[in-house]
Amino acid sequence: MSVAGIPLYPELALSSFLLLIVIYFFGFFVKGALGMGAMTPTVLFGAWVIGAHHAVLLALVCNLFSQVQFLPEGFRYGDRAFTLRAVVPLFAAIALGVWIFGRLDDSGLELVVGFVLGGIVLLDATGLSKWIEARFRGHPSLFIIAATISGLISGIIGAGGLFILAAFLKVVCPEPRKFRATMLLIITLAVIWRATTFAVGGFITPQLLLESAVLIPAIVAGGWVGMKFFHSISADRFNLFFRIFLIAAAASLMWRGLVKLF
């Protein structure tokens, strides 16, 4: 398959390309149902189909298409002062993470993706995220550390990185609407900055942009179905199945990375 002479997914058989469409439908179904979470499944499962580096970059561009629509809400209701404090260490760490991304081979990146995303899901599932949130409540000086770790994870793998910053933000912005809007603002700015640094580094190509555009129907459809689904299932039950699914995917990706490495 090609557009204007540019080949799209030349390494994939038709069955693998259809699987990728299903992965993106599912990822943005999750985002429609929960309001977040598209990057984790698209990176984890996408890495199995197209390789870790390609999966991270494709998920970034697709999420950029999806995320820009939330900027008006973020600017209108978000905490701009907190956002300005966050973006300095966040952006610096993202740039460092992108530099590390470019120097990891595929097996090394698969190990990092599986370990970090699996660990984040386990933190949430076991309740340790609540413990982290309590530590931030008692030590607001940890904010810069939280923003730096979040940015570093975001720069390398693009998924799950803002989990730590979100825990801190819950303390600063306990009111749900303000928390959501501020998080949307930070996430959108972080995605735009990641895309900019990847573009400067030569990672974002016309081929990648076209490959992302091909997936837009699956992204839109998945988000729409997810929003409808949200009203018909217990959120706790959905979260349980989703966590188990992601932990299994993370473990399998780590195993594949280890097999390649050794």
Side-chain angles (χ1 to χ4, degrees), residues 23-24 27-28 30-31 35-47 50-71 73-75 78 82-104 106 108-110 112-117 120 144-166 168-169 181-213 215-216 219:
I23 289 169
Y24 271 77
F28 285 86
V30 171
K31 186 171 184 176
M36 58 184 294
M39 292 290 283
T40 301
T42 51
V43 170
L44 270 177
F45 296 111
I50 55 177
H53 285 82
H54 195 172
V56 169
L57 292 170
L58 188 66
L60 164 66
V61 177
C62 288
N63 199 43
L64 180 62
F65 288 155
S66 170
Q67 197 69 36
V68 169
Q69 64 183 309
F70 298 115
L71 264 179
E73 180 183 350
F75 276 117
F82 179 85
T83 300
L84 286 174
R85 288 175 56 207
V87 295
V88 175
L90 187 69
F91 280 18
I94 285 174
L96 176 60
V98 169
W99 181 84
I100 294 172
F101 168 89
R103 280 150 184 80
L104 286 172
D106 222 42
L109 187 58
E110 285 178 355
V112 172
V113 169
F115 178 78
V116 172
L117 294 186
I120 288 172
I144 293 179
I145 297 175
T148 302
I149 294 173
S150 293
L152 193 60
I153 295 172
S154 293
I156 299 173
I157 62 177
L162 295 175
F163 157 78
I164 298 173
L165 193 58
F168 186 92
L169 182 59
T182 306
M183 205 65 216
L184 283 173
L185 183 57
I186 292 173
I187 289 172
T188 306
L189 292 175
V191 169
I192 292 172
W193 175 245
R194 281 187 69 232
T196 302
T197 53
F198 273 121
V200 170
F203 293 105
I204 296 180
T205 62
Q207 178 180 346
L208 183 68
L209 293 173
L210 286 173
E211 289 178 344
S212 304
L215 295 172
I216 288 177
I219 291 170

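Heads up: numbering here begins at 1 and tracks the sequence. Computed from a prediction, not measured in an experiment: that's the story for all the values here. When reading the values below, keep in mind they use all heavy atoms of this one structure, side chains included, and skip hydrogens, waters and symmetry mates.
Of all heavy-atom pairs spanning L64 and A195, the tightest one is CD2-CB, 3.9 Å. Residues G27 and P41 share a closest heavy-atom pair of CA-CG, 3.8 Å. Between T148 and I144, the shortest heavy-atom contact is OG1-O, 2.7 Å. The two residues A59 and V43 come nearest to each other via the heavy atoms CB-CG2, 3.7 Å. The nearest pair of heavy atoms linking T42 to F28 is CG2-CE1, 4.4 Å. When all heavy atoms of F82 and T182 are compared, the pair lying nearest together is CD2-CG2, 4.0 Å.
In this structure, R194 and V56 have side chains that are in contact, with non-hydrogen atoms separated by less than 4.5 Å. Considering only heavy atoms from C-beta on, T83 comes within 4.5 Å of V87 through its side chain. Residues I156 and L109 meet the side-chain proximity criterion, which asks for heavy atoms closer than 4.5 Å. Between W193 and T197, the closest side-chain pair of non-hydrogen atoms falls below 4.5 Å.
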Show which side-chain atoms of residues 89-97 pair as donor or acceptor with protein atoms under 3.5 Å away, not counting sequence neighbours.
none

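Checked by atom type and distance alone, the side chain of Y24 never pairs as donor or acceptor with a backbone atom of I216 at under 3.5 Å. Looking at H54, its side chain never comes within 3.5 Å of a backbone N or O of G46 through a donor-acceptor pair.
Rounded to the nearest 0.5 angstrom, N63 CG and I192 CD1 are separated by 11.0 Å. Interatomic distance, L57 CG to E211 CD, rounded to the nearest 0.5 Å: 10.0 Å. Atom-to-atom distance recorded for L58:CG and L209:CG is 10.5 Å, nearest 0.5 angstrom. To the nearest 0.5 Å, atom CH2 of residue W99 and atom CG of residue L104 are 9.5 Å apart. The distance from the CD1 atom of I186 to the CG atom of L84 is 10.0 Å, given to the nearest 0.5 Å. With rounding to the nearest 0.5 angstrom, the CD1 atom of I149 is 8.5 Å from the CG atom of L152.
Each of F203, F101, F198 was scored for a ring pair (Phe, Tyr, Trp, His ring centres under 6.0 Å) with H53, with one residue passing: F101.
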